[in-house]
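Structure, as structure tokens:
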Amino acid sequence: MVVIDELFNESVELLKMLISIPSLSREEKQAADLVELRLKEMGLQPRRKMNNCWVVAPDYDASRPTILLNSHIDTVKASAQWQKDPFTPVVEGDRLSGLGSNDAGGPLVALLAAFRYLSQRPQAYNLIFAATAEEEISGPNNVAALLDELGPLSLGIVGEPTQMQMAVAEKGLLVIDGEVAGKSGHAARNEGVNAIMEALPVLQFFRDYRFEKVSPFLGPVKMTVTGIQAGSQHNVVPDKLSFMVDVRVNECYSNQEVFELLQAQVPCKLKARSFRLNSSSISREHPLVRRGEDLGLQTFGSPTTSDQATLPFETLKIGPGDSARSHTADEYIYLSEIRDGINTYIRLLDGLVF
């Protein structure tokens, strides 16, 4: 049986290798190749679909519930503010720097270590580990592309940097495009209907409207107008104003419900880009959450969107690292955070019955 120290050391080495491979969203092939190779070297039997790799623990039993351990191998593009080479892993004391070290390489390797430990011990559940692509862009070839391959899933652990605290709810994302109609005319004469003026009460509505249901973890649904386009000539009354709204949805509503409520309130055409990134949550009474609380872990609601949004079963977002470091120059994670992550994942899941 592998021991924690061995798992930790191998996790750090794998993370260094992943940092060394550019793995932007939709360009994860080399990183997926590496993960697949390492899983085989560990004596496991991985499966592959596009740039996604997964492995099922031995002794799968269809009569038992199945837990999915999932994190992503893609990264955002390194910003110009990096002072170090983002693809060169650098260890300075307890700190490991490199693109993707914190988001989400640390959670990924810690989950893999926990999978290896837990799969060698009798459990009341089946266990699947999946390293997946396109999380950063919520792409169609992310973990959701594997759901038909994985069979029924009862619970998911989504590895994201949360300082190993439990995100029991996560806001969904709904992007809406709107269009307010006017009528063109010459600006020098009293003619036409100015779409900009017509849009003012609509934009004010999106600023001021409050949804009735407020989440204890995620608070209210939050709407922000983030783009406007109207007019192209100074002497022509604009006949159309287009705008976009970023809507962060709490778990009290589905994206479809929010959209329908909004469309009923405004006198213009709205179009949702997608309904797929819904809010997610897990009951505070779930045995996994209660065990976490017994271990002293805190619960909170996460304002950021992850692959949780595409998983249609209960999930808990938790992982080593800090979300505040994600997408920042000279990204890093502490090695001690990875070790703690491995231990905490094991303590959460070893012997869990649900």
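Starting from 1, each residue takes its place in the sequence as its number.
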Side-chain H-bond candidate by donor/acceptor type, [X] with [Y], under 3.5 Å:
X: Asn102; Y: Ser326; result: yes
X: Ser215; Y: Asn250; result: no
X: Asp330; Y: Gln83; result: no
X: Ser306; Y: Glu160; result: no
X: Asp177; Y: Ser242; result: no

Ring-face cation contact, Tyr332 with Arg95, 6.0 Å cut, 45° max: yes
Kindly indicate whether the side chain of [X], heavy atoms from C-beta on, has any atom under 4.5 Å from the side chain of [Y].
X: Ile73; Y: Leu108; result: yes
X: Pro320; Y: Pro161; result: no
X: Lys84; Y: Thr88; result: no
X: His327; Y: Glu136; result: yes
X: Asn278; Y: Val249; result: no
X: Glu170; Y: Ser279; result: no
X: Leu173; Y: Asp246; result: yes
X: His286; Y: Val289; result: yes

When rounded to the nearest 0.5 angstrom, what is the spacing between [atom1] in [X] and [atom2] in [Y]?
X: Trp54; Y: Asn70; atom1: CH2; atom2: CG; answer: 12.5 Å
X: Ile157; Y: Met166; atom1: CD1; atom2: CE; answer: 10.0 Å
X: Ser154; Y: Ile67; atom1: OG; atom2: CD1; answer: 8.0 Å
X: Leu349; Y: Leu127; atom1: CG; atom2: CG; answer: 7.0 Å
X: Leu153; Y: Phe313; atom1: CG; atom2: CZ; answer: 4.5 Å
X: Met197; Y: Leu241; atom1: CE; atom2: CG; answer: 9.5 Å

Path from [X] to [Y] over hydrophobic side-chain contacts below 4.5 Å:
X: Leu14; Y: Leu69; value: yes
X: Val158; Y: Val35; value: no
X: Leu99; Y: Tyr334; value: no
X: Tyr345; Y: Leu39; value: yes

Test: Arg290 and Asp294 ion pair at under 4.0 Å: no
Carboxylate-amine/guanidinium contact Glu251 Lys171, below 4.0 Å: no
Backbone N or O of [Y] within a donor-acceptor pair of the [X] side chain at under 3.5 Å?
X: Asn52; Y: Arg48; value: no
X: Asp74; Y: Leu24; value: no
X: Arg284; Y: Thr299; value: no
X: Glu134; Y: Arg26; value: no
X: Ser281; Y: Ala169; value: no
X: Thr344; Y: Asp340; value: yes
X: Ser23; Y: Thr75; value: no
X: Ser20; Y: Lys16; value: yes
X: Arg291; Y: Leu348; value: yes
X: Asp103; Y: Arg325; value: no

side-chain contact (heavy atoms from CB on, under 4.5 Å) between Val258 and Met223, intermediate numbers included: CA-CA 11 Å; Val258 167; Met223 298 193 294; 5.6 Å; no
Ring center gap for Tyr209 and Phe211 short of 6.0 angstrom: yes
Aromatic centroids of Phe275 and Phe259 separated by under 6.0 Å: yes
Does [atom1] in [X] sit with more than 12 non-hydrogen atoms of other residues, nucleotides or ligands closer than 6.0 Å?
X: Glu293; atom1: CD; value: yes
X: Asp59; atom1: CG; value: no
X: Glu41; atom1: CD; value: yes
X: Arg276; atom1: CZ; value: yes
X: Gln165; atom1: CD; value: yes
X: Asp148; atom1: CG; value: no
X: Lys240; atom1: NZ; value: no
X: Asn190; atom1: CG; value: no

Side chain to side chain donor-acceptor pair (under 3.5 Å) between Thr162 and Lys317, worked out: CA-CA 8 Å; Thr162 69; Lys317 183 165 73 175; over 6 Å; no
Residues Gln123, Arg64; criterion side-chain contact (heavy atoms from CB on, under 4.5 Å); working and verdict: CA-CA 10 Å; Gln123 305 294 345; Arg64 298 185 304 200; 5.8 Å; no
Which residue in the set [options] passes side-chain contact (heavy atoms from CB on, under 4.5 Å) when paired with [X]?
X: Leu270; options: Val202, Leu262, Val245; result: Leu262
X: Glu28; options: Asn51, Leu34, Asn141; result: Asn51
X: Phe206; options: Val247, Val225, Thr224; result: Val225

Criterion side-chain contact (heavy atoms from CB on, under 4.5 Å) on Leu297 and Ile318, from CA distance to verdict: CA-CA 10 Å; Leu297 305 184; Ile318 180 172; 4.0 Å; yes
From CA spacing to verdict: salt bridge (charged side-chain N to carboxylate O under 4.0 Å, His left out), Arg210, Asp208: CA-CA 6 Å; Arg210 299 293 179 266; Asp208 297 337; 5.4 Å; no
Worked verdict on Glu10 versus Arg116 for salt bridge (charged side-chain N to carboxylate O under 4.0 Å, His left out): CA-CA 11 Å; Glu10 292 182 1; Arg116 295 175 64 198; 2.5 Å; yes
Nearest heavy atoms of Ser11 and Leu7, plus distance in Å: OG-O, 2.7 Å
